[in-house]
Asker: 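Have a look at this one before I ask anything.
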Amino acid sequence: MSIAEAESGGSYIRIGENNSMDVPDFPYIAFIEGDGIGQDIWPATRYVIDRAVEKKYRGRRKIYWKEVLAGEKAYESTGEWLPEETLEHIKRCVVAIKGPLTTPVGGGIRSLNVTLRQTLDLYACVRPVRYYRGVPSPVKHPEKVNMIVFRENTEDVYAGIEWKEGSEGAKKIIGFLKKEAGCELPLDSGIGIKPISRRKTFRLVRKALRYAIENSRENLTLVHKGNIMKYTEGAFREWGYELARKEFANFIITEDDLHEKHQGKAPPGKIVVKDRIADAMFQQVLLRPDEYQVIATPNLNGDYLSDALAAQVGGLGMAPGANIGDQCALFEATHGTAPKYAGQNKVNPSSLILSGVMMLQYLGWKEAAEAIEKALEETVSEKIVTYDLARQIAGSQKVGTREFAEALVERL
Ligand code: NAP
């Protein structure tokens, strides 16, 4: 511990060999309050996390929060939307949590969220989706949904390699394809590139399989559109199986093996690795959601699938998320800044609170994480909810953001 650390009482999380994490009992954790409703949901979330940690560990563990600036707050005080110092602090802290950020219009940055993910190489977008009792849902059995989506964050059409229709770049690519590959494209085409690589597929599927092993999950599904896009989505499927067989042979069986060698019954402790074509998967998660636990998928499929799954269990207001790399992890609410409600103590803080739960699980502080999840479920099932859920639950007690957090803390 350095002198500065000893004086403040906190110390830094360290990344060891094989990217393992050494979490001290008094870690520094970086936070970005966020724009718009960030000023409402972040204080509520911090209050819940701190109380849960205090209650479960009675002073043996405590988070030392370090505020870092991004978005409007950063722009007002530094003239920059995402100061270099913020990125350095997040890297130093290893773990960070953030409220939503406004995407500056014409600020020269495509999106602060995308920039954060790319600069910190947070290659896995992780979205757990489960049902909390009492939350209104459009499906008959939302309790059957308990999945976690690992979506590749840096490749696929999100790589951002595009040329506008009629631009020099588009004309050159069209000319090149005609000359070198004999492909005739309409001259008025816009062009986008969809790269999917072996290395980045490997690291994403590896992360998903490690999660499945550490959390005793029974199956992992590679979701792809490989029947049409053979060398990108199809390759994702092939590489996914290759990685599973190569690095996790003792932990997995494939779905083919399950039927050919095990009469359809997985040996205890083995994870069944299967794959589904993306369009079929959308049906599957509606019709037989309990057959799917961990999902690994390229970027665009994952984008659609995680929102569709969140809708089944009550919408984005209840959906937590994280962007995780090998050196750093950033936990975040999945909704935006909802500027019209900013500062009104009105909106639902559950998405950010549940992202905090994911963060505590990531630190290995499972007792505090479980306590918050349980208390949140109790609060909602007692019909104490913010306006968004109150309008859907007959006889509910509508409370503000702060009061919701207080009700939750009372139930810890
Ligand atoms: P939004 O901020 O998510 O808000 C859309 C609507 O969703 C709100 O009007 C509200 O619906 C509901 N909502 C969102 N958060 C809620 C909460 N905590 N509790 C209850 N209801 C909630 O989407 P947007 O208006 O499209 O985007 C606004 C800004 O956010 C943009 O600048 C966008 O770039 C940014 N954004 C940031 C992130 C991020 O940082 N991760 C993600 C998405 C968007 P009702 O009015 O119907 O109640």
Side-chain angles (χ1 to χ4, degrees), residues 30-46 48 68-75 81-82 86 90 96-120 122 125-127 132 135-136 138 151 153 158 299 302-304 306-307 310-311 313-324 329-359 376 379-380 384-393 396 398-405 408:
F31 75 88
I32 296 169
E33 178 182 274
D35 299 327
I37 53 170
Q39 64 187 285
D40 305 282
I41 60 175
W42 169 247
T45 299
R46 179 175 170 162
V48 169
V68 295
L69 299 180
E72 285 163 2
K73 219 171 169 179
Y75 191 70
W81 293 98
L82 187 57
T86 294
I90 294 177
I97 184 165
K98 67 176 268 293
L101 292 173
T102 308
T103 295
V105 180
I109 288 182
R110 193 154 61 107
S111 149
L112 290 179
N113 295 307
V114 173
T115 309
L116 275 165
R117 284 170 208 165
Q118 286 179 349
T119 321
L120 299 169
L122 305 173
C125 176
V126 184
R127 296 265 295 265
Y132 294 94
V135 175
R151 163 190 168 203
N153 238 348
Y158 272 62
N299 205 319
D303 192 19
Y304 298 152
S306 29
D307 276 20
V313 296
L316 288 182
M318 301 296 292
N323 295 291
I324 305 181
L330 181 60
F331 296 81
E332 65 173 350
T334 50
H335 54 71
T337 58
K340 64 181 171 183
Y341 299 127
Q344 294 177 26
N345 186 38
K346 179 177 168 112
V347 294
N348 190 348
S350 298
S351 173
L352 194 55
I353 291 175
L354 289 169
S355 304
V357 167
M358 279 182 86
M359 187 191 81
L376 187 141
T379 312
V380 175
I384 303 169
V385 288
T386 45
Y387 85 98
D388 52 318
L389 297 184
R391 65 192 167 188
Q392 302 175 63
I393 304 177
S396 57
K398 183 167 89 176
V399 294
T401 314
R402 205 168 31 241
E403 292 71 27
F404 179 80
L408 193 159

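Just the heavy atoms: all of them, side chains too, but no hydrogens, waters or symmetry mates, feed the values below. One-based numbering, in listed order, for ligands and for the atoms of each.
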Asker: I'd like to know if the side chain of D35 reaches the main chain of T102, judged simply by a donor and an acceptor atom lying under 3.5 Å from each other, with no hydrogens or angles considered.
Answerer: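 Yes, because the side chain of D35 sits within donor-acceptor range (under 3.5 Å) of the backbone of T102.
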Asker: What protein heavy atom is closest to atom 37 (C) of ligand 1, reported as residue, atom name and distance in Å?
Answerer: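 Scanning the protein heavy atoms, the shortest distance from atom 37 (C) of ligand 1 goes to L101 O, 3.2 Å.
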Asker: Which one of N348, I41, V48 satisfies the side-chain contact (heavy atoms from CB on, under 4.5 Å) criterion with I353?
Answerer: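 It is V48; the other options fail the test.
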Asker: With backbone taken as N, CA, C and O and side chain as the heavy atoms from C-beta onward, which portion of T102 lies under 4.0 Å from ligand 1: side chain, backbone, both, or neither?
Answerer: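 Both backbone and side chain of T102 come within 4.0 Å of ligand 1.
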Asker: Considering the heavy atoms of R391, write down every atom of ligand 1 situated less than 4.0 Å from one of them.
Answerer: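 Those of ligand 1 that fall under 4.0 Å from R391 are 45 (P), 47 (O), 48 (O).
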Asker: Testing the basics here: between H335 and I37, what is the closest heavy-atom pair and its distance to 0.1 Å?
Answerer: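 In this case the closest contact between H335 and I37 is CE1-CD1, 3.6 Å.
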Asker: If you round to the nearest 0.5 Å, how far is CG of D388 from NZ of K346?
Answerer: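 The NZ atom of K346 sits 9.0 Å away from the CG atom of D388.
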Asker: At what distance is the nearest protein heavy atom to atom 41 (N) of ligand 1, and which residue and atom is it?
Answerer: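 Ranking protein heavy atoms by distance from atom 41 (N) of ligand 1, first comes N113 ND2, 3.5 Å.
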Asker: What orientation do Y341 and Y387 show, parallel under 30°, tilted 30 to 60°, or perpendicular over 60°?
Answerer: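 Judged by the thresholds at 30° and 60°, the geometry between Y341 and Y387 is tilted.
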Asker: Using protein heavy atoms only, decide if any is under 4.0 Å from atom 26 (O) of ligand 1.
Answerer: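 No, no protein heavy atom sits under 4.0 Å from atom 26 (O) of ligand 1.
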Asker: Hey, is the main chain of N299 close enough, under 3.5 Å, to the side chain of R151 for a donor-acceptor pair?
Answerer: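 Answer holds: yes.
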Asker: Which protein heavy atom lies closest to atom 14 (C) of ligand 1, and at what distance to 0.1 Å?
Answerer: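 Residue, atom and distance for the closest contact: H335 CB, 3.8 Å.
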Asker: Using a 4.0 Å heavy-atom cut-off, say whether D388 meets ligand 1 through its side chain, its backbone, both or neither.
Answerer: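 Side chain only.
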Asker: Using side chain to side chain donor-acceptor pair (under 3.5 Å), reason through N153 and Q118 one step at a time and then give a plain yes or no.
Answerer: CA-CA 8 Å; N153 238 348; Q118 286 179 349; over 6 Å; no
Asker: Is the contact between M318 and ligand 1 made by the side chain, the backbone, both, or neither, using heavy atoms and a 4.0 Å cut-off?
Answerer: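 It is neither; nothing of M318 touches ligand 1.
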Asker: For the backbone of S111 and the side chain of T115, can you confirm whether one donor and one acceptor N or O come within less than 3.5 Å of each other?
Answerer: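 Checking the backbone N and O of S111 against the side chain of T115, a donor-acceptor pair under 3.5 Å is found.
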Asker: From atom 10 (C) of ligand 1, is the closest protein heavy-atom distance below 4.0 Å?
Answerer: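 Looking at atom 10 (C) of ligand 1, one finds that a protein heavy atom does lie closer than 4.0 Å.
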Asker: Would you check if the side chain of S396 reaches a backbone N or O of I384 as a donor-acceptor pair within less than 3.5 Å?
Answerer: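 Such a contact is absent between S396 side chain and I384 backbone.
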Asker: Below 4.0 Å from ligand 1: does a non-hydrogen atom of K98 turn up there or not?
Answerer: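 A heavy atom of K98 does come that close to ligand 1.
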Asker: For atom 46 (O) of ligand 1, what's the nearest protein heavy atom and its distance?
Answerer: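 Answer, as residue, atom name and distance: Y341 OH, 2.6 Å.
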Asker: Need the ligand 1 atom indices (1-based, order shown) with element for anything under 4.0 Å from a heavy-atom of K340.
Answerer: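 Matching atoms, with element in brackets: 9 (O), 46 (O).
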Asker: Of all the non-hydrogen atoms in the protein, which one sits nearest to atom 48 (O) of ligand 1, and at what distance?
Answerer: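 Going atom by atom, the protein heavy atom closest to atom 48 (O) of ligand 1 ends up being Y387 OH, 2.6 Å.
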Asker: Measure from the side-chain N and O atoms of T337 to the backbone N and O of G36, and report whether any donor-acceptor pair falls under 3.5 Å.
Answerer: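 Between the backbone of G36 and the side chain of T337 there is no qualifying donor-acceptor contact (under 3.5 Å).
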Asker: Which option out of T386, T401, N348 puts a heavy atom nearest to atom 18 (N) of ligand 1?
Answerer: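 Selected option, by shortest heavy-atom distance: N348.
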Asker: Taking T401's backbone N and O only, do any of them form a donor-acceptor pair with T386's side chain (distance below 3.5 Å, no angle check)?
Answerer: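 Not a single qualifying donor-acceptor pair exists.
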Asker: Would you call E33 and R46 a salt bridge, taking side-chain N to carboxylate O under 4.0 Å as the test?
Answerer: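 The answer is no: the pair does not qualify as a salt bridge.
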Asker: In the complex you have, is atom 43 (C) of ligand 1 within reach of the protein, judged by whether a heavy-atom distance drops under 4.0 Å?
Answerer: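 Answer yes: something from the protein, a heavy atom, is under 4.0 Å.
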Asker: Where on I37 is there a heavy atom closer than 4.0 Å to ligand 1, on the side chain, on the backbone, on both, or on neither?
Answerer: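 It is the side chain that gets close, since no backbone atom is under 4.0 Å.
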Asker: How about atom 7 (O) of ligand 1: does it have a protein heavy atom within less than 4.0 Å?
Answerer: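 It does not: no protein heavy atom is found less than 4.0 Å away from atom 7 (O) of ligand 1.
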Asker: Quick check: does A338 get an N/O under 3.5 Å from an N/O on ligand 1?
Answerer: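 A338 vs ligand 1: N/O contact under 3.5 Å present.
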Asker: Apply side chain to side chain donor-acceptor pair (under 3.5 Å) to the pair Q344 and D40, showing each step before the final yes or no.
Answerer: CA-CA 8 Å; Q344 294 177 26; D40 305 282; over 6 Å; no
Asker: In the protein, what heavy atom is nearest to atom 34 (O) of ligand 1, and what distance, to one decimal place, separates them?
Answerer: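 So the nearest neighbour among protein heavy atoms is T103 OG1, 3.3 Å.
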Asker: Checking a contact table here: which protein heavy atom is nearest atom 30 (O) of ligand 1, and how many Å away?
Answerer: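 Result for atom 30 (O) of ligand 1: T337 N, 3.0 Å.
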Asker: May I ask you to list the atoms of ligand 1 that are less than 4.0 angstrom from any heavy atom of E332?
Answerer: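 Per the distance check, 41 (N).
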Asker: For atom 36 (N) of ligand 1, state which one of G321, G336, G99 supplies the nearest heavy atom.
Answerer: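 Among G321, G336, G99, the closest heavy atom to atom 36 (N) of ligand 1 belongs to G336.
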